[in-house]
Amino acid sequence: MKKLIAGILCAVLVLGTALSLSGCGDKNYPVKIANLTIDKEPKSIVVLDPNSADIISYMGYDVKIVGRSREVDQKYLGVAPVMGSAVSPSVQDIIDSGATVVFANEGLNDDFEQSLEKEGIAVIKMSVAETPKQLETNYHTIGKILGGNDDGDAKAASSYDKLISAMEQRKSEASAKNATALDTVCYLYYEQGGLRLMTSGTYGDMLLGYTGSVNVAVNIDENKVDVNTLKVANPKYIFYADDNTLKAVQADPVLSKLAAVTGGKTMQITKDEMSRQGLTALETLEKMIGFIHPELAKAQKASEPTQQTETKPAETQAATQAATEAATQAAAQTAATQAATQPAAATSVADKYKIDLKDLSLKEEDDNDDVKAMQQRLFDLGYVSDKENITGYFGEISKKAVSAFQKASGIKETGEADNATLVKLFASDAKKSDTAVDESSASEE
């Protein structure tokens, strides 16, 4: 009997140990985020949100990415297949990929979100952080989801500290160059028909601060540009979002006379570069510091994401490293050569509208984000006068607007937006309309 009891106790002890080692009472999962519970570590994910992709890559979790939206355009993530747009992704492609988690942003259409959730796929909607605390929270949220309550959280803390430490180091080096007075900077972008200013309390303002310079809009709450205020502030360096922004500055009688403009101390930093908060943040900071202080320009990678897939890690890692090095080398070269010259105008504004023109054609009854981007461009050029008709649906109004643009541009009038028409439409020198399409008795639905 004693032997039997001893044997039973031994078996219980062995079973308990085995259960512990096999994951019973796992310290990492389940993970609870708001109203969502992640029961086990995701092995495959799809990333629709570009900023989340930036953070995921910087943390070293990009090996889990099996799909992305077209807006996730970081070069080192190019091996992942595109699965539609961030607003309207291909649900079937995501299902077929085997992904259990999708990272999106608030732009994701509710219908697509519900379709994914019906298939048991967790949808995590992330927002762009505006403060250091929010940024740290985003890192920890992503870390816990992908690595667990303990391991993932620790990795998040380490990655965030590494990011901030790198930025602080570069800020210290840049500040040391300002022996007598701090350099002043500002960031301008063009939105809703007017110039806007990156104001205080934003992530972009935080990034500008890490250049070791002072944002002249630090005490301004309203982002609309007051030319007289900007004239008085007279920033030494101006960063701008796109070609339209630069043209608006050059066309303004006051802004065009600012010392930064006349002295060629302006540099393009896209809105994507100013909003992404992982590897791109370091590359963007490097680019701006190198422009302000060419002697500090570095021709080396700011960081190195992990390999994209497990099947070809060496190949992907080499591609990642090459792409990152090329990007930072280009930034350093640009900073050194542009210090006394005005940057060249862009030949296409497609990136501004987040549309990929490669092999793209649009026709009547199409209904997607590409149509919406086309409609926005037609509106900006004056071929559509009512913004209510920017719906994403290619109807009669869009057809007439396309025809009007084709006529003005010397293209055969078909009303269909073939690739040649779209390329012409999104060119920086696209023909503007004198008369918009009459929409008084019709609407795009």
Side-chain angles (χ1 to χ4, degrees), residues 50-63 74 76 126-148 150-178 182-183 185 187 198 200-215 218 239 269 272-307 317 320-321 323-325 327-329 331-332 335:
N51 184 49
S52 295
D54 222 58
I55 295 174
I56 289 168
S57 297
Y58 188 69
M59 292 177 67
Y61 286 123
D62 49 328
V63 70
Q74 291 90 328
Y76 46 83
M126 301 293 296
S127 59
V128 175
E130 293 292 357
T131 67
K133 185 62 179 176
Q134 290 173 359
L135 181 58
E136 185 176 15
T137 298
N138 281 358
Y139 267 75
H140 282 276
T141 297
I142 291 174
K144 285 182 178 181
I145 291 170
L146 297 182
D150 286 0
D151 295 345
D153 197 48
K155 192 167 190 176
S158 174
S159 298
Y160 177 76
D161 289 345
K162 180 182 176 183
L163 177 77
I164 299 302
S165 177
M167 288 182 167
E168 290 285 1
Q169 175 62 32
R170 293 302 277 152
K171 179 181 179 179
S172 176
E173 294 170 1
S175 297
K177 293 294 180 180
N178 300 323
L182 290 175
D183 287 322
V185 299
Y187 182 81
M198 188 70 72
S200 59
T202 62
Y203 168 74
D205 174 57
M206 183 178 83
L207 199 57
L208 288 174
Y210 278 118
T211 66
S213 306
V214 175
N215 179 10
V218 67
F239 298 106
I269 301 290
D272 283 342
E273 290 176 301
M274 286 297 288
S275 65
R276 295 179 183 179
Q277 299 170 333
L279 174 65
T280 302
L282 294 181
E283 292 176 341
T284 301
L285 180 61
E286 202 66 56
K287 189 175 177 180
M288 292 191 293
I289 288 178
F291 182 65
I292 297 170
H293 303 288
E295 67 276 18
L296 292 180
K298 287 186 176 182
Q300 63 184 32
K301 59 182 180 297
S303 179
E304 183 178 331
T306 60
Q307 62 271 15
Q317 188 171 19
T320 296
Q321 182 175 340
T324 306
E325 288 178 343
T328 49
Q329 286 172 354

Interatomic distance, OG1@Thr211 vs NZ@Lys287, rounded to 0.5 Å, equals 14.5 Å
Got a donor-acceptor contact below 3.5 angstrom from the Tyr187 side chain to the Ile269 backbone? yes
Does a side-chain heavy-atom distance below 4.5 Å link Leu282 with Tyr58? yes
Please tell me if the side chains of Lys155 and Tyr61 come closer than 4.5 Å, counting only heavy atoms from C-beta onward. yes
Mind checking whether His293 and Asp183 have side chains closer than 4.5 Å, heavy atoms only? yes
For the side chain of Asn51 and the backbone of Val128, is there at least one donor-acceptor N/O pair under 3.5 Å apart? no
Value for CD (Glu173) from CD (Glu295), rounded to nearest 0.5 Å, stands at 11.0 Å
Determine yes or no for a side-chain-to-main-chain donor-acceptor pair under 3.5 angstrom, with Asn215 supplying the side chain and Met198 the backbone. yes
Could you tell me if the side chain of Ile164 sits less than 4.5 Å from the side chain of Tyr210, heavy atoms only? yes
Would you find a donor on one side and an acceptor on the other, under 3.5 Å apart, between the side chain of Thr141 and the backbone of Thr137? yes
Between Ser172 (side chain only) and Glu168 (backbone N and O only), is there a donor and an acceptor less than 3.5 Å apart? no
Is the shortest side-chain heavy-atom distance between Ile142 and Met126 below 4.5 Å? yes
If you round to the nearest 0.5 Å, how far is CG of Leu135 from CE of Met206? 5.0 Å
